[in-house]
Amino acid sequence: MNLLHKFLNRTDFADYDDFAKNVRFSVPEGFNFGYDVVDEYARIAPDKRALVWCNAAGEEKIMTFADISEASNRAVNFLISAGVKKGDYVMSMLNRRWEYWVLVIACCKLGAVIIPATHLLTAKDIVYRCNSAGVKMLVATSEEDVVEHILHALPKCETVKECLFTLPVEGFRCFDECMNAMPAELPSLPRPAWDDPMLCYFTSGTTGMPKMVQHNFEYPAGFVFNACFWQKVVDDGLHFTAAETGWAKCSWGKIYGQWIAGSAVFAYDYHGRFTPTDLLPLISKYKITTFCVPPTIYRFLVKEDLSKYDFSSLTHCTTAGEALNAEVFKQFYEATGHKIFEGFGQSESCVILGTFYFMEPVSGSSGKPCPLYDIDLIDDEENPVPDGADGEIAVRLRPHQYGLVASYKNDPERTRAARGGKYYHTGDLAKRDENGLYWFVGRKDDIIKSSGYRIGPFEVESALMEHPSVLECAITGAPDPVRGTVVKATIVLAKGYEPSDELKKELQNHVKRVTAPYKYPRIIEFVAEMPKTISGKIRRVEIREKDSK
């Protein structure tokens, strides 16, 4: 039993053409995810699983939709008692704690705006976010380093009235205790309007200070395309997306579309350094049915002996966040029998391009446009580019655009640029082939211009990833007195390999064989780890800045 029929005319399609031409999507009038999904399941299927949570210490918690509904009602009553009202901003730093799912539904029902933030924020990050958004309440995990950063930040957080933690911390109220002390019956509350702000993400900030991406109450509905057609979640199944709750990937894969489609979501809570292989025993233990992790994790997994693990419960595997290298696709398929279905999108959107379940994955391709959006590839003058040419992935704006950024908070100029013209510009480049498949090229800012050539980093990175010595790599442009800019590879080596001039030469020759020779990296630097954002994305801008000094 699921609620997809309230949003889609059908869910079974023979192929992409059938899907693109015949899918019909609508959102119920006055839609509110808390009332119309969580509470509706609690009414018609109260024992249906919603959340399967466990942590590295062996604790476990399984919550039904009736449990989530009741707990969120109690949380609403607590928020009201604490002075939080419709339109106020509540920031969470809950890592993968089960309380996140309760808090986000409570805010949705009340009309408060949730700001999901990573538990990895430093005091400076917390101050910036709280003051920029006018945060009224902060709810966080009680992990020691999180508490420490918050304690340093709070004196400078001008609008925060109260901070709570998931376990008792001296001088602060405990969120769980406060919530559980409240009644489970909701007072009469006006429903927020569809275009009221519901959720606000601070982006990763790979090129500058994070911007505030604001979504409205229709935003969750767009994720039925993610869950149903890309991730192919199973009704009464268990979906796992590897993301903590502070990132947009959580909205993509850990709550909205999955619950609408009737799948429970799985959360593995840990603190400290993540070991990708920790996930592998959990797949068989909890009978995870659908699986979505970023290419970074797949890169680590294929370096392991996957024959030791049981993948029999899995029905579908997906990836997003970065482009997937073809060699990783090949190795994972050979080891598990599962092909990886790639998707592309942003914090500002639902899935924009995807290899949908009725399509045959082509390794390295991002698939085809999601019918939720009208997609063009355009040049700098907003003219469509022909097949085979690099173009920016752009969304042609409709009068009513589900799932796309509603505004950038406190930034009307950026909002006008995003929503005031013909297109929403993603800033990402791709090519379209003669079969209509899209191939990711790279961020527009990452394109390398060397000796008259335009070189996309992803193609060179993919070539390097085919070599067994390469665990991770980043391609950037480095200054050169003759050519202006040359291709540089920054590489993290796999276990068993050591840096050497001989290995550099071998890697350069490998790239020359695999792709056009002019694209080979003239500079190779071996590093112990990549500079990354706190969301795990490689900061190529940091490599470029270091090389330009």
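For reference, positions follow the sequence shown, starting with 1. What you see is a predicted model; the values in this text were computed from it and never measured.
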* For Arg49, which residues count as a salt bridge (Lys or Arg N to Asp or Glu O under 4.0 Å) partner, sequence neighbours excluded? ->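 Scan of Arg49 (salt bridge (Lys or Arg N to Asp or Glu O under 4.0 Å), adjacent residues dropped) gives none.
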* Asked: How would you list, by chain and number, every residue that makes a salt bridge (Lys or Arg N to Asp or Glu O under 4.0 Å) with Glu70, sequence neighbours excluded?
  ->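 Here the qualifying residues are Arg74.
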* Asked: Can you list every pair that meets ring pair (Phe, Tyr, Trp, His ring centres under 6.0 Å) and has a residue in residues 111-148, with sequence neighbours left out?
  ->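 Every ring pair (Phe, Tyr, Trp, His ring centres under 6.0 Å) pair that includes a residue of residues 111-148, provided the two are not neighbours, is His119-His271.
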* **Inter- and intrachain pairs under ring pair (Phe, Tyr, Trp, His ring centres under 6.0 Å), touching residues 309-330, at least two apart** =>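 Listed once each, the pairs are His316-Phe341.
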Could you work out, with ring-ring contact (aromatic ring centres under 6.0 Å, His included) as the rule, every residue matching [X], not counting sequence neighbours?
| X | answer |
| --- | --- |
| His239 | none |
| Phe332 | Tyr298 |
| Phe217 | none |
| Tyr89 | none |

* Asked: Around atom NZ of Lys303, are there more than 12 heavy atoms of other residues, nucleotides or ligands at under 6.0 Å?
  ->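 Atom NZ in Lys303 is packed in, count exceeds 12.
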Using distance only, find each side-chain donor-acceptor pair of residues 146-160 under 3.5 Å and give its atom names and separation, not counting sequence neighbours.
| residue | atom | partner | partner atom | Å |
| --- | --- | --- | --- | --- |
| His152 | ND1 | Glu148 | O | 2.9 |
| Thr159 | OG1 | Val135 | N | 3.1 |
| Thr159 | OG1 | Val135 | O | 2.7 |

* Asked: Is the Phe344 ring parallel, tilted or perpendicular to the Phe440 ring (thresholds 30°, 60°)?
  ->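 Taking Phe440 first and then Phe344, their aromatic rings sit tilted (interplane angle of 30° to 60°).
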* Residues in side chain to side chain donor-acceptor pair (under 3.5 Å) contact with Asp310, at least two apart in sequence or another chain ->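 With neighbours one apart ignored, the set is Ser312.
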* For the residue pair Lys109 and Leu186, what are the closest heavy atoms and their distance? ->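 Nearest pair, atom of Lys109 first, then Leu186: CD-CD1, 4.1 Å.
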* Asked: Do Phe240 and Tyr286 make the cut of ring centroids closer than 6.0 angstrom?
  ->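 Here the rings of Tyr286 and Phe240 have centres that are no less than 6.0 Å from each other.
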* So, Phe31 versus Tyr402, ring centres under 6.0 angstrom or not? ->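 Centroid distance Phe31-Tyr402: not below 6.0 Å, so no.
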* Under the side chain to side chain donor-acceptor pair (under 3.5 Å) rule, what pairs show up with a residue in residues 218-231, not counting sequence neighbours? ->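 Output for this query lists Glu218-His400, Gln231-Gln258.
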Check [Y] with [X], please: is the shortest side-chain N to carboxylate O separation under 4.0 Å?
| X | Y | value |
| --- | --- | --- |
| Glu327 | Arg299 | no |
| Asp196 | Lys86 | yes |
| Asp67 | Lys61 | no |

* Kindly indicate whether the side chain of Asp88, heavy atoms from C-beta on, has any atom under 4.5 Å from the side chain of Met137. =>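 SC-SC contact between Asp88 and Met137 ruled out.
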* Asked: Does Lys161 have any side chain to side chain contact (heavy atoms under 4.5 Å, CB included) partners at least two apart in sequence or in another chain, and if so, which?
  ->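 Residues passing side chain to side chain contact (heavy atoms under 4.5 Å, CB included) with Lys161: Lys136.
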